[in-house]
J.: 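Submitted below is the structure of interest, expressed as structure tokens.
Just so you know, ligand 1 is whichever comes first in the structure, and atom 1 is the first atom listed for that ligand.
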Amino acid sequence: MNKIAYSAFIAFVASLATLVSISALSSSEHDTTGGENLEPITLEQLAEHDSADSCWKAIHGRVYDITGYVPDHPTDEEVILEWCGREASEGWDNKRPGVPHSPRAQERLERYLIGRLVDEEGEPVETSATAPVATDFRSDTGTAQASLPPAEDERLARAMLGLPLDGHYRGVFTDRGSIQVNVTFDLREGRIHSLEYRHLSYRGVDYLALEESDERYPVMLQYRQIAERFEGEPITRIFALYQPERVVDDIDGYSGATLRGAKVISAIRDALNRGVYAWP
Ligand code: HEM
């Protein structure tokens, strides 16, 4: 192998090794269970180191003494000092709302590791991944800039991705000028709740007003079953209604084929297209 090719090979191997070690570090980022050998540190002890003279931070169950790093942090000092002496995972995971620090920063952080966070009984303090901070006053220069509260951020992001937002929905299936299916439901975290029919009719017959003795009454029961069986189901499950016999029982010999599951899908999709009717 000539010299240039050999150097290129060594550089390649070295960069691979760096990548592997960085990913190993980032995967340990949320590890709160390991590190038994680390010095146990309580919230009380942590709280004593809350200034530029001595700045300790607990991040995902581990404690770091970052006093020496504060002047080097690429923002105004107050941004990072604000989190000294306390549980700082929220700040770490949200250097900007929803944006965590880079693997490079994680690598840097590990240099300052001094212990693990424990409660008064010496048990590890669990910290899960945190939601974006409620208000963020950082800008490029690290100074005042208000941002949307997290709920609004989330709504905006979901809307931009075309994902349905949580809320109360209403929608209809109409054929030849008359409404046949009118539904209402709530969507919570992408799941259907409280699906109800505000109107259900076919060829002039109001199914919601049918007497039990009516021969079509079992079909109405099947529609009701749909509503019950979708309680808490992900919205994507509605497509099962293309084969309603998978969803409803064969009541009194009425097969799923009698039921037009596609009308319910259509009404639900109409509701989603219209958007949130009322916020939760
Ligand atoms: C926990 C409180 C902390 C907050 C609120 C915070 C906030 C920020 C902000 C606002 C930036 C600049 C904006 C940006 O790059 O997008 C930044 C960048 C950075 N911070 Fe922090 N920081 C914190 C803790 C730390 C700690 C403890 C370290 C390392 C010991 C660190 C290392 C870095 C590095 C290396 C960057 C450059 C960008 C990156 O690699 O992600 N930060 N931080």
J.: If we set the cut-off at 4.0 Å for heavy atoms, which region of T75 has an atom near ligand 1: side chain, backbone, both, or neither?
T.: side chain
J.: So that I can tick it off, tell me whether R62 and E110 are bridged by a salt bridge, with the cut-off set at under 4.0 angstrom between side-chain N and carboxylate O.
T.: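 Judged by the 4.0 Å cut-off on N to carboxylate O distance, E110 and R62 do form a salt bridge.
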J.: Out of all atoms in ligand 1, which are within 4.0 Å of some heavy atom of A105? Include the element for each.
T.: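 Ligand 1 atoms under the 4.0 Å threshold to A105: 32 (C), 33 (C), 34 (C), 35 (C), 40 (O).
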J.: Please list all pairs passing the side-chain hydrogen bond (donor to acceptor under 3.5 Å, both in side chains) test where one or both residues lie in residues 172-185, with sequence neighbours left out.
T.: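 Every pair satisfying side-chain hydrogen bond (donor to acceptor under 3.5 Å, both in side chains) with a residue in residues 172-185: Q180-K263.
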J.: For ligand 1, which atoms sit closer than 4.0 Å to a heavy atom of K57?
T.: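 In order of number, 1 (C), 2 (C).
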J.: Parallel, tilted or perpendicular: which one describes the rings of Y223 and Y197, with boundaries at 30° and 60°?
T.: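 Correct class here is perpendicular.
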J.: Within the 4.5 Å heavy-atom criterion, are R111 and Y69 side-chain neighbours or not?
T.: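 Heavy-atom side-chain distance check fails, nothing below 4.5 Å.
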J.: Quick test of your reading: applying salt bridge (charged side-chain N to carboxylate O under 4.0 Å, His left out), list the pairs with at least one residue in residues 268-277, sequence neighbours left out, ordered by first then second residue.
T.: D270-R274
J.: Out of Y112, W83, Y69, Y64, who gets a non-hydrogen atom closest to atom 2 (C) of ligand 1?
T.: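 Considering heavy atoms of Y112, W83, Y69, Y64, the nearest to atom 2 (C) of ligand 1 sits in W83.
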J.: Once you measure the plane-to-plane angle for H101 and W92, does it fall in the parallel (<30°), tilted (30-60°) or perpendicular (>60°) bin?
T.: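 The rings of H101 and W92 lie parallel, inter-plane angle below 30°.
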J.: Which part of R111 is near ligand 1, with near meaning a heavy atom under 4.0 Å away: side chain, backbone, both or neither?
T.: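 R111 to ligand 1: no contact under 4.0 Å from either part.
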J.: Please note down the angle at atom 21 (Fe) of ligand 1 between NE2 of H101 and NE2 of H73, to the nearest 10°.
T.: 180°
J.: Under a 4.0 angstrom heavy-atom cut-off, which atoms of ligand 1 come close to A88?
T.: 1 (C)
